[in-house]
Amino acid sequence: MPELPEVETIRRSLTPYIVGKRIADVEVYERRFRQRIQRDLEARLRGRSFRRIERRGKYLLFVLDDRQCLLLHLGMSGSLEIRRARDPVVRHDHVRVRLDGRRVLVFNDPRRFGLLRVGNRRELHELDRVGLDPLDDDWSAEQLRRLARGRRRPIKNVLMDQRLLAGIGNIYANEILYQAGIRPTRRAGSLRRRELEALATATVTVLGRAVDLGGSSISDYVDGEGQPGNFQLHFAVYDRYRQPCQQCATPIRRIVLGGRSTFYCPRCQR
DNA sequence: ATATGCACCTGTGTGC
DNA sequence: TGCACACAGGTGCATA
């Protein structure tokens with residue numbers, strides 16, 4: 001579910017509830033994830049305080065006061081929400097972090113594709129493999145050119161490769177390519193300088209706009225306060241198979257690329 | 001280097 | 001109603 005804009009929205013919405021707060025207690029109800037939740041996760045968290053929340057691509061990093069960090073990935077269906085400590089535990093609530101007082105941070109994940117792990121930064125090697133963040137200040141067409149040069153893969157696959165660019169998933173790859181007027185199947189290495197510039201710009205504008213709108217809520221995504229996002233109201237192509245392109249009215253096409261549904265306008269994207 | 005398929009899971013929508 | 005099936009925001013691995 002969550003891509004960069006949703007993860008960033010969650011990060012921002014949780015920050016005021018989390019930063020400076022002490023962890024009064026931790027309850028784990030389910031450890032069977034793709035990567036099993038550590039046996040001593042509760043012990044490592046209990047009594048610690050949160051310094052800040054960082055984001056790297058689709059990962060959230062909760063920095064604690066003892067050089068340890070809680071690394072979290074929401075996978076396909078994960079959510080993080082602040083609730084009242086007395087609220088009932090519901091289906092697929094797997095971890096509850098009780099903050100002092102009446103609040104609790106709840107990790108809920110029906111499909112259990114998420115990841116939750118405590119360690120110091122060098123132990124969290126998942127982060128070694130995440131690429132450039134397109135919302136960082138140093139992101140540029142020049143950077144994108146380096147990533148695309150010589151590659152024969154479709155540009156959409158390059159955008160979604162987390163080792164190259166961090167944070168872009170299926171929704172935003174489709175939307176960014178539409179905004180840039182580039183067909184998802186184009187070989188990355190074949191893009192002209194002007195196209196790469198348009199693509200680098202589209203990356204920033206689309207992701208930025210999505211963050212401003214609180215991300216996309218298709219069926220179930222909500223931020224840390226339970227609020228849905230609104231970017232789904234502005235999809236140009238994603239999930240719009242056969243619907244008219246908003247610029248030229250040509251029906252949107254759907255193909256499969258890298259096993260993922262891919263949507264584009266055959267007229268506006270060349 | 002790259003492409004494909006599958007595995008990991010549950011939930012939802014569709015057609016019969 | 002029930003059932004089978006396709007598909008879903010992600011990632012990692014095995015195989016070609």
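Every chain is numbered from 1 and lettered A, B, ... according to where its sequence line falls, protein lines coming before strand lines.
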Legend entry - SB check A:Glu142 A:Arg145 (cutoff 4.0 Å): yes
Inset, instruction - In whole angstrom, give me the gap between the P atoms of C:dG2 and B:dC9. - result: 26 Å
Inset, instruction - Classify the side-chain pair A:Asp109/A:Ser77 by whether it contains a donor and acceptor separated by less than 3.5 Å. - result: yes
Legend entry - Greater than 12 external heavy atoms within 6.0 Å of A:Arg46's CZ: yes
Inset, instruction - Please check if any side-chain donor atom of A:Ser261 sits under 3.5 Å from a side-chain acceptor atom of A:Tyr238, or the reverse. - result: no
Inset, instruction - Could you tell me whether A:Arg121 and A:Glu54 have a side-chain N and a carboxylate O separated by less than 4.0 Å? - result: yes
Legend entry - C1' atoms of C:dG9 and B:dA3, separation to the nearest Å: 23 Å
Legend entry - Polar side chain donor-acceptor pair, A:Lys156 to A:Thr262, under 3.5 angstrom: yes
Inset, instruction - Spell out yes or no: do the side chain of A:Ser77 and the base of B:dG11 have one donor N/O and one acceptor N/O closer than 3.5 Å? - result: no
Inset, instruction - Please list every stem that involves DNA chain B, where a stem is a run of 3 or more consecutive Watson-Crick or G-U wobble pairs with both pairing distances under 3.5 Å. - result: B:2-8 with C:10-16, B:10-16 with C:2-8
Inset, instruction - Would you please confirm or rule out a distance under 4.0 Å between OP1 or OP2 of B:dG11 and any side-chain N or O of A:His92? - result: yes
Legend entry - Between P of B:dG11 and CG of A:Asp220, the distance in whole Å: 11 Å
Inset, instruction - Would you kindly give the CG-to-P distance between A:Leu165 and C:dT11, to the nearest whole Å? - result: 13 Å
Legend entry - Atom-pair distance (CD on A:Gln232; C1' on C:dA8), nearest Å: 15 Å
Legend entry - A:Lys58 vs C:dG9: side-chain N/O to OP1/OP2 distance below 4.0 Å: no
Inset, instruction - Report the nucleotide, chosen from B:dC8, B:dA3, C:dG9, that has the shortest atom-to-atom distance to any side-chain atom of A:Arg153. - result: B:dA3
Inset, instruction - Look at atom CZ of A:Arg36 and say whether more than 12 heavy atoms of other residues, nucleotides or ligands are closer to it than 6.0 Å. - result: yes
Inset, instruction - Using a heavy-atom cut-off of under 4.0 Å over every strand shown, decide if A:Gln162 touches base, sugar-phosphate, or nothing. - result: sugar-phosphate
Inset, instruction - Could you tell me whether A:Pro154 contacts a base, only the sugar-phosphate backbone, or nothing, with contacts defined as non-hydrogen atoms closer than 4.0 Å? - result: sugar-phosphate
Inset, instruction - Would you please say whether a donor-acceptor pair under 3.5 Å links the side chains of A:Arg48 and A:Gln68? - result: no
Legend entry - Phosphate contact (B:dG11 OP1 or OP2) by A:Arg91 side-chain N/O below 4.0 Å: yes
Inset, instruction - Please evaluate the base of C:dA8 for a donor-acceptor partner in the side chain of A:Arg111 within a cut-off of under 3.5 Å? - result: yes
Legend entry - Residue pair A:Ile168 / A:Glu3: nearest heavy atoms and the distance that separates them: C-OE1, 3.9 Å
Legend entry - Selection: residues 112-133 of chain A, any non-hydrogen atom under 4.0 Å of DNA chain B: A:Arg112, A:Phe113
Inset, instruction - Rounded off to whole Å, could you give me the CZ-to-C1' distance for the A:Arg36 and B:dC9 pair? - result: 16 Å
Inset, instruction - Please state how far atom CD1 in A:Ile155 lies from atom C1' in B:dT2, giving the value in whole angstrom units. - result: 15 Å
Legend entry - Carboxylate-amine/guanidinium proximity below 4.0 Å for A:Arg192 and A:Glu195: no
Legend entry - A:Tyr29 and A:His94 aromatic centres sub-6.0 Å: no
Inset, instruction - Just compare B:dG11, B:dC8, C:dG9 and give me whichever is closest to any side-chain atom of A:Pro110. - result: B:dG11
Inset, instruction - Mind calculating the distance between CG (A:Leu164) and P (C:dG10) to the nearest angstrom? - result: 16 Å
Legend entry - A:Arg260 CZ to C:dA8 P, straight-line distance once rounded to whole Å: 8 Å
Inset, instruction - Using only side-chain N and O atoms of A:Arg152, determine if any of them is under 4.0 Å from OP1 or OP2 of B:dA1. - result: no
Inset, instruction - Check whether any side-chain N or O of A:His73 sits under 4.0 Å from OP1 or OP2 of C:dT11, and answer yes or no. - result: yes
Inset, instruction - May I have the distance from A:Ile10 (atom CD1) to C:dG10 (atom P), rounded to whole angstrom? - result: 13 Å
Inset, instruction - Give A:Asp109 one of three labels, base, sugar-phosphate or nothing, depending on what nucleic acid heavy atoms sit under 4.0 Å from its own. - result: nothing
Inset, instruction - Assign each of A:Tyr238 and A:Tyr59 to its nearest nucleotide of DNA chain C by heavy atoms, then name whichever residue's nucleotide is nearer the 5' end. - result: A:Tyr238
Legend entry - Phosphate OP1/OP2 of B:dT2: any A:Arg151 side-chain N/O under 4.0 Å: yes
